[in-house]
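For reference, the structure discussed in these notes is given below.
Naming: A, B, ... by sequence-line order, numbering from 1 per chain.
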There are 2 protein chains.
Amino acid sequence: MGKYKRADRIAVISMTLCNDPCKLYSLGFFAEMFDTAKSTISEDIEIVGSALAQNGGGTIVTVTGAAGGVKYLPIPGRAQVDAFVNKLCGEISQRGRLMVGDYVYTVDLLEDPRYAARIGEILALPYNRSNMPDFVITIETKGIPVALMTARALGVPLIVCRRGIKPLYGSLITTNYISGSTKEIETMSLPKRAIRSGQRGLIIDDYMRAGGSIRGIKEMMAEFGAMVVGVGVVMATAEPKEKMIDEYMSLVTLDEIDEENGLIKASNGNYGDYL
Amino acid sequence: MGKYKRADRIAVISMTLCNDPCKLYSLGFFAEMFDTAKSTISEDIEIVGSALAQNGGGTIVTVTGAAGGVKYLPIPGRAQVDAFVNKLCGEISQRGRLMVGDYVYTVDLLEDPRYAARIGEILALPYNRSNMPDFVITIETKGIPVALMTARALGVPLIVCRRGIKPLYGSLITTNYISGSTKEIETMSLPKRAIRSGQRGLIIDDYMRAGGSIRGIKEMMAEFGAMVVGVGVVMATAEPKEKMIDEYMSLVTLDEIDEENGLIKASNGNYGDYL
């Protein structure tokens, strides 16, 4: 490895931090990589941090002490968040997304890695500086991409509750919940080894109507002795007003359904209260 | 926005490119951001590119012409790929992962965003310079995180085939396949609007035994008039040797199952042939 100039080091440090959000890198790691002094790396990182602070693309956090180091948090600014949510509302309100049963077609958005990544960064915002969870949890299927990207933004694993009983997973914990779409009692399951008692989980889902699935996930977590640090959803319907859970952050509210014209009115959710 | 120094610009350019793999940014975009000349930005980007080339963290590609610009491709070097796959084999071979029916418990790895991201980068490798797909396609559930991260590394959307018939998705295309675990004929479905005729798709899944699900996805794509550019899986079993599909790239081969001791022998898959 040749001698690096400051600009070279900054390019590599920026990319390394950015590729692994929330992962703590010691100054020694970079000092060794570039065969230079920790004090030089420390100056490099200060430059990266202030450039990002000026630009709004995220934050560099320094953790002091023997086990210390630096990490990158993908923290979009409030203006970026609002602009993105406005765009999301515009997309969702487009003609042709309203299906039978007032269901809204959004998989093309939820499964787009760019949308999912930005949604994940926003849903992670209330938790990446304090109240950090040990894991993100969701229920299959449509919420998995945004839940994974939320977990990525927080540097924690994702846990996916399965619908029904999965006999191949060894010992399971199961719980029942009321499905929002079928109104029937359904079962969800998780391997017993998935969560340890005392761990803290952030519940993420794509869509909430009455909140039955999310209440199911909460009950599942209680069975494991795990704590809920929060609930975040991409979309929540305005009706029913009374949800089965008390607190949740939403990016988009689905206000009104105009079945005659096949349109849905989408507006900014309550996320502002959490930022 | 204040005046930026070179080191500041390089930090922000690196982070911006890295946050959105395969997205093409024009030089004008950065020139405007920093209120400077395109030639200056061009020099900055050359520095970022050569620092990365020296370090092995990825590649900066310059696209010339009026619609040109630069993009970041997350291209791990061969040594990094081998080291990661070795680690993955070690994890999979650990005691306690072998379940009944020779099923291997891997959701803790597949749902970890760091593992999923690196797996996605590797599965994307044969396709990010040429033979680029229009989308990545998988079937729910366990393969979704790695398929999403493959799509992210390629800068294309993900499409998730659903098991069974999803009545809420509007008009559907359905196809049948033989499930590897139940040996029964199952149905998968996709909304008619999900794929356009002539589009090119990369099939990604977490696990392949005989290849029934993947053949199902291939048949599904044929129904849409879409082309398969390739197949990539995280793990493939050595047995049966005869698969229902001809060509696939795998990271890990599950060689032998030692039921008495609850162990599985995992070795490096055939990915070397594709890199």
Side-chain angles (χ1 to χ4, degrees), chain A residues 1-2 4-20 23 33 44 47-48 50-52 54-55 57-58 72 74 99-101 103 105 107-108 111-114 116-117 140-142 144-145 148-149 151-152 155-160 162 167-170 181 191 193-194, chain B residues 1-2 4-20 23 33 44 47-48 50-52 54-55 57-58 72 74 99-101 103 105 107-108 111-114 116-117 140-142 144-145 148-149 151-152 155-160 162 167-170 181 191 193-194:
Chain A
M1 182 148 316
Y4 285 80
K5 293 194 191 136
R6 166 142 287 158
D8 297 337
R9 290 194 307 269
I10 283 181
V12 174
I13 291 171
S14 300
M15 289 273 184
T16 305
L17 292 174
C18 186
N19 258 334
D20 219 338
K23 180 166 171 180
M33 178 186 270
D44 293 344
I47 291 170
V48 174
S50 61
L52 280 192
Q54 205 176 337
N55 176 267
Y72 164 72
M99 307 274 104
V100 287
Y103 177 82
Y105 186 87
V107 282
D108 57 326
E111 293 171 358
D112 182 317
R114 286 184 184 136
E140 61 181 340
T141 300
K142 292 200 314 296
I144 295 175
L148 182 76
M149 289 305 196
R152 180 176 187 272
V156 299
L158 171 67
I159 293 171
V160 179
R162 302 296 298 263
L168 295 170
Y169 277 56
S181 41
R193 63 166 85 180
Chain B
M1 181 149 318
Y4 285 80
K5 295 195 191 132
R6 166 143 286 159
D8 297 337
R9 290 195 306 269
I10 284 182
V12 173
I13 290 171
S14 300
M15 289 271 184
T16 304
L17 292 175
C18 186
N19 259 332
D20 220 338
K23 180 166 171 179
M33 180 187 269
D44 294 343
I47 292 170
V48 174
S50 59
L52 280 192
Q54 205 176 340
N55 176 268
Y72 165 73
M99 307 274 105
V100 289
Y103 177 82
Y105 185 87
V107 280
D108 57 326
E111 293 171 358
D112 181 317
R114 284 182 186 137
E140 62 181 339
T141 301
K142 292 200 314 297
I144 296 175
L148 182 76
M149 288 306 195
R152 180 176 187 271
V156 299
L158 171 66
I159 293 172
V160 179
R162 302 297 298 264
L168 295 170
Y169 277 54
S181 42
R193 63 166 85 180

Heavy-atom pairs under 4.5 Å with chain B, option from P157(A), A117(A), A51(A), A116(A) with the top count: A51(A)

- prompt: Do you know which of T141(A), I13(A), I47(A), D44(A) has the most heavy-atom pairs with chain B at a distance under 4.5 angstrom?
  reply: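 Among the listed options, the one with the most contacts to chain B is T141(A).
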
- request: Working to the nearest 0.5 Å, report the span between CG of L148(A) and CD1 of I144(B).
  value: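 Going from CG on L148(A) over to CD1 on I144(B), the span is 10.0 Å.
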
Heavy-atom pair count under 4.5 Å with chain A, highest-scoring of D112(B), L52(B), I159(B):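 Sorted descending by pairs with chain A, the first entry is L52(B).
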
message: Looking at chain A, which one of S50(B), G170(B), G155(B) has the largest number of heavy-atom pairs inside 4.5 Å, strictly under?
response: G155(B)

For [X], is it the side chain, the backbone, both, or neither that has a heavy atom closer than 4.5 Å to a heavy atom of chain B?
{"X": "K23(A)", "result": "both"}
{"X": "P167(A)", "result": "backbone"}
{"X": "R9(A)", "result": "neither"}
{"X": "Y169(A)", "result": "both"}
{"X": "N19(A)", "result": "both"}

Are [X] and [Y] packed together at the side-chain level, in the sense that at least one heavy-atom pair is separated by less than 4.5 angstrom?
{"X": "Q54(A)", "Y": "V12(B)", "result": "no"}
{"X": "E140(A)", "Y": "K142(B)", "result": "no"}
{"X": "V107(A)", "Y": "V160(B)", "result": "no"}
{"X": "R6(B)", "Y": "I10(A)", "result": "no"}
{"X": "M15(A)", "Y": "V48(B)", "result": "yes"}

query: For D20(B), which residues count as a side-chain hydrogen bond (donor to acceptor under 3.5 Å, both in side chains) partner, sequence neighbours excluded?
result: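 D20(B) satisfies side-chain hydrogen bond (donor to acceptor under 3.5 Å, both in side chains) with R114(A) only.
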
message: So, using side-chain hydrogen bond (donor to acceptor under 3.5 Å, both in side chains) as the criterion, who are the partners of D8(B) when residues are at least two apart?
response: none

query: Closest approach of Y103(A) and L168(B), non-hydrogen atoms and distance?
result: CD2-O, 3.0 Å

